[in-house]
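As structure tokens, the structure follows; a few thoughts come after it.
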Amino acid sequence: CAAIMAGASPDAHAKCLAELCKENPKAACSALAAMNPEDASAAMSLIVDAANNGTGRVKLTDSQRTSLFKCCPSDVLRGVRPATALGSMCASTMSASEAAAVLGALEPNAAAACLEGMS
């Protein structure tokens, strides 16, 4: 799947990951792990933006999105921009334990940047 998406735009990556997550969350996690971390981070940034701003570009339920972010490699999570947006998304769409599972995968400095978005 990652080879098929090589060279695609971040928007196309985000849409592909979302569709894959709807059908098979484990496959979406595998695709994320196989992707170039920079490309995966750009796609996950768009998914965060869609969740925070209600844009229709990437449609996932809170549960689907949580599954995707809980399995997201830490190097990909570190690249989500802005980091505060990741924290905001976690605070508004996840339970406290789910948010802790996502942010717990990050180093302390990266997690601190995300926590700023939770206030």
Check: side-chain hydrogen bond (donor to acceptor under 3.5 Å, both in side chains) with Asp75: which residues, sequence neighbours excluded?
Finding: none

Next item on the list: Please list, chain by chain and in numerical order, all residues satisfying side-chain hydrogen bond (donor to acceptor under 3.5 Å, both in side chains) with Ser95, sequence neighbours excluded.
Entry: Ser97, Glu98

[atom1] of [X] to [atom2] of [Y]: how many Å apart, nearest 0.5 Å?
| X | Y | atom1 | atom2 | answer |
| --- | --- | --- | --- | --- |
| Ser9 | Asp39 | OG | CG | 10.0 Å |
| Glu107 | Leu77 | CD | CG | 10.0 Å |
| Leu115 | Leu86 | CG | CG | 9.5 Å |
| His13 | Met44 | NE2 | CE | 13.0 Å |
| Asn24 | Ser67 | CG | OG | 11.0 Å |

Do the side chains of [X] and [Y] join up, straight or via other hydrophobic residues, at under 4.5 Å, putting them in one cluster?
| X | Y | result |
| --- | --- | --- |
| Met89 | Leu46 | no |
| Leu68 | Met35 | yes |
| Leu106 | Ile47 | yes |

Margin query: I'd like to know whether Ser74 forms a side chain to side chain contact (heavy atoms under 4.5 Å, CB included) with Arg78, so could you lay out the CA-CA distance, the side-chain angles of the two residues, the decisive distance to 0.1 Å, and finally the verdict.
Written below: CA-CA 6 Å; Ser74 62; Arg78 259 193 324 271; 4.0 Å; yes

Checklist line | Over 12 non-hydrogen atoms of neighbours within 6.0 angstrom of NZ in Lys22 | finding: yes

Item checked: Whether over 12 other heavy atoms sit under 6.0 Å from Glu23 CD -> no

Next item on the list: Spell out, as yes or no, whether a donor-acceptor pair under 3.5 Å connects the side chain of Ser88 to the backbone of Met118.
Entry: no

Note to self: Does any part of the side chain of Pro73, heavy atoms only, come nearer than 4.5 Å to the side chain of Leu32, both counted from C-beta?
What the structure shows: yes

Closest approach of [X] and [Y], non-hydrogen atoms and distance?
| X | Y | value |
| --- | --- | --- |
| Leu17 | Ala31 | CD2-CB, 4.1 Å |
| Cys21 | Leu60 | CB-CD2, 4.2 Å |
| Ala14 | Val58 | CB-CG2, 3.8 Å |
| Gly79 | Ser45 | O-OG, 4.0 Å |
| Lys70 | Ala101 | CE-CB, 4.2 Å |

Check: Do any pairs count as a salt bridge (Lys or Arg N to Asp or Glu O under 4.0 Å) and have a residue in residues 27-38, sequence neighbours left out, and if so which ones?
Finding: none

Next item on the list: May I ask you to check whether the SG atoms of Cys72 and Cys29 are separated by less than 2.5 Å?
Entry: no

Next item on the list: Determine, step by step, whether Cys114 and Cys90 satisfy the disulfide bond (SG atoms under 2.5 Å apart) criterion, reporting the C-alpha distance in whole Å, the side-chain angles of both residues, the deciding distance to 0.1 Å, and the verdict.
Entry: CA-CA 9 Å; Cys114 293; Cys90 288; over 6 Å; no

